[in-house]
Amino acid sequence: QVQLVESGGGLVHPGGSLRLSCAASGFTLDYYAIAWFRQAPGKERKGVSCISVNEINTYYADSVKGRFTISRDNAKNTVYLQMNSLKPEDTAVYYCAAHSWSGPCGTISDYEYDYWGQGTQVTVSS
């Protein structure tokens, strides 16, 4: 069964850190661009970051640049999102998604992603 499973979410104080994981099963991530999206209550889902197949290309939304880092470990079939200096406005459900694409990941539209995870809640609050 093809599946993406996010983990690592939780409650953290402002300024804290979390590392999200996106583990794939039923397929290999080697040939997939991976993205992280987030959706806050009452708001539209937005792209946060993505990483290309060969790791050369990464993308970050302006709101997370310098604070979040995306990486992948193909041997573990997992992609990570390291989130530092977290702010209350980072509170959202975070989703990972995979698209079979070898080009730059920043050009991929939401609807093109082939697989989605179920999401993990991140809450930043004092």
Participant: Report whether F68 and Y59 are members of the same hydrophobic cluster (ILVMFWY, side-chain heavy atoms less than 4.5 Å apart, transitive linking).
Facilitator: no
Participant: What's the separation between atom OH in Y94 and atom OG in S7, rounded to the nearest 0.5 Å?
Facilitator: 15.0 Å
Participant: What residues form a side-chain hydrogen bond (donor to acceptor under 3.5 Å, both in side chains) with K65, not counting sequence neighbours?
Facilitator: D62
Participant: Restricting to non-hydrogen atoms, name the atom on P14 and the atom on S126 that form the minimum distance, rounded to 0.1 Å.
Facilitator: CD-N, 3.7 Å
Participant: Set out, in order, the CA-CA distance, both residues' side-chain angles and the distance that settles side-chain contact (heavy atoms from CB on, under 4.5 Å) for Y60 and V48, then state yes or no.
Facilitator: CA-CA 6 Å; Y60 296 95; V48 174; over 6 Å; no
Participant: Taking all atoms of both residues into account, what is the closest heavy-atom pair of N84 and S17, and its distance?
Facilitator: OD1-OG, 2.9 Å
Participant: Under a 4.5 Å cut-off applied to non-hydrogen side-chain atoms, are E44 and Q39 in contact?
Facilitator: no
Participant: Going by side-chain contact (heavy atoms from CB on, under 4.5 Å), name the residues that satisfy it together with S102, two or more places apart in sequence or in a different chain.
Facilitator: none
Participant: Contact between D110 and R45 at the side-chain level, heavy atoms closer than 4.5 Å - yes or no?
Facilitator: yes
Participant: Is it possible for you to say whether I70 and Y115 belong to one hydrophobic cluster, with membership spreading through side-chain heavy-atom contacts below 4.5 Å?
Facilitator: yes
Participant: Please output the side-chain donor-acceptor pairs of residues 25-35 that fall under 3.5 Å, not counting sequence neighbours, one pair per line with the distance.
Facilitator:
unit_1: T28; atom_1: OG1; unit_2: D30; atom_2: N; d: 3.3
unit_1: T28; atom_1: OG1; unit_2: D30; atom_2: OD1; d: 2.8

Participant: Taking only residues at least two apart or on different chains, which pairs with a member in residues 88-126 satisfy disulfide (SG to SG under 2.5 Å)?
Facilitator: C22-C96, C50-C105
Participant: Give me each pair satisfying salt bridge (Lys or Arg N to Asp or Glu O under 4.0 Å) with a member in residues 66-77, each pair once, sequence neighbours excluded.
Facilitator: R67-D90
Participant: Can you sort out the partners of S71 under side-chain contact (heavy atoms from CB on, under 4.5 Å), two or more places apart, ordered by chain and number?
Facilitator: Y80
Participant: Applying side-chain contact (heavy atoms from CB on, under 4.5 Å), run through M83 and R19 and close with a yes or a no.
Facilitator: CA-CA 6 Å; M83 306 187 297; R19 188 177 80 155; over 6 Å; no
Participant: Could you tell me which residues satisfy side-chain hydrogen bond (donor to acceptor under 3.5 Å, both in side chains) with E112, sequence neighbours excluded, listed by chain and number?
Facilitator: none
Participant: Is there a chain of hydrophobic side chains (I, L, V, M, F, W, Y, each step under 4.5 Å between heavy atoms) that links L4 to V2?
Facilitator: yes
Participant: Could I get the full list of side-chain contact (heavy atoms from CB on, under 4.5 Å) partners for S63, not counting sequence neighbours?
Facilitator: R38, A61
Participant: Backbone N or O of G9 within a donor-acceptor pair of the Q121 side chain at under 3.5 Å?
Facilitator: no
Participant: Walk me through whether T69 and L81 qualify under side-chain contact (heavy atoms from CB on, under 4.5 Å).
Facilitator: CA-CA 6 Å; T69 303; L81 186 68; over 6 Å; no
Participant: Checking S100 now: which residues fulfil side-chain hydrogen bond (donor to acceptor under 3.5 Å, both in side chains) with it, not counting sequence neighbours?
Facilitator: none
Participant: Do the side chains of V79 and V64 join up, straight or via other hydrophobic residues, at under 4.5 Å, putting them in one cluster?
Facilitator: yes
Participant: With sequence neighbours excluded, give me every ring pair (Phe, Tyr, Trp, His ring centres under 6.0 Å) pair touching residues 34-53.
Facilitator: F37-Y113, F37-W116
Participant: For residues G106 and N57, report the shortest heavy-atom separation together with the two atoms involved.
Facilitator: N-OD1, 3.7 Å
Participant: Which residues pass the side-chain hydrogen bond (donor to acceptor under 3.5 Å, both in side chains) test with T91, not counting sequence neighbours?
Facilitator: none
Participant: By side-chain contact (heavy atoms from CB on, under 4.5 Å), which residues pair with V12, not counting sequence neighbours?
Facilitator: L18, L86, V124
Participant: Taking atom NZ of K87 and atom CD of E89, what is their separation to the nearest 0.5 Å?
Facilitator: 5.5 Å
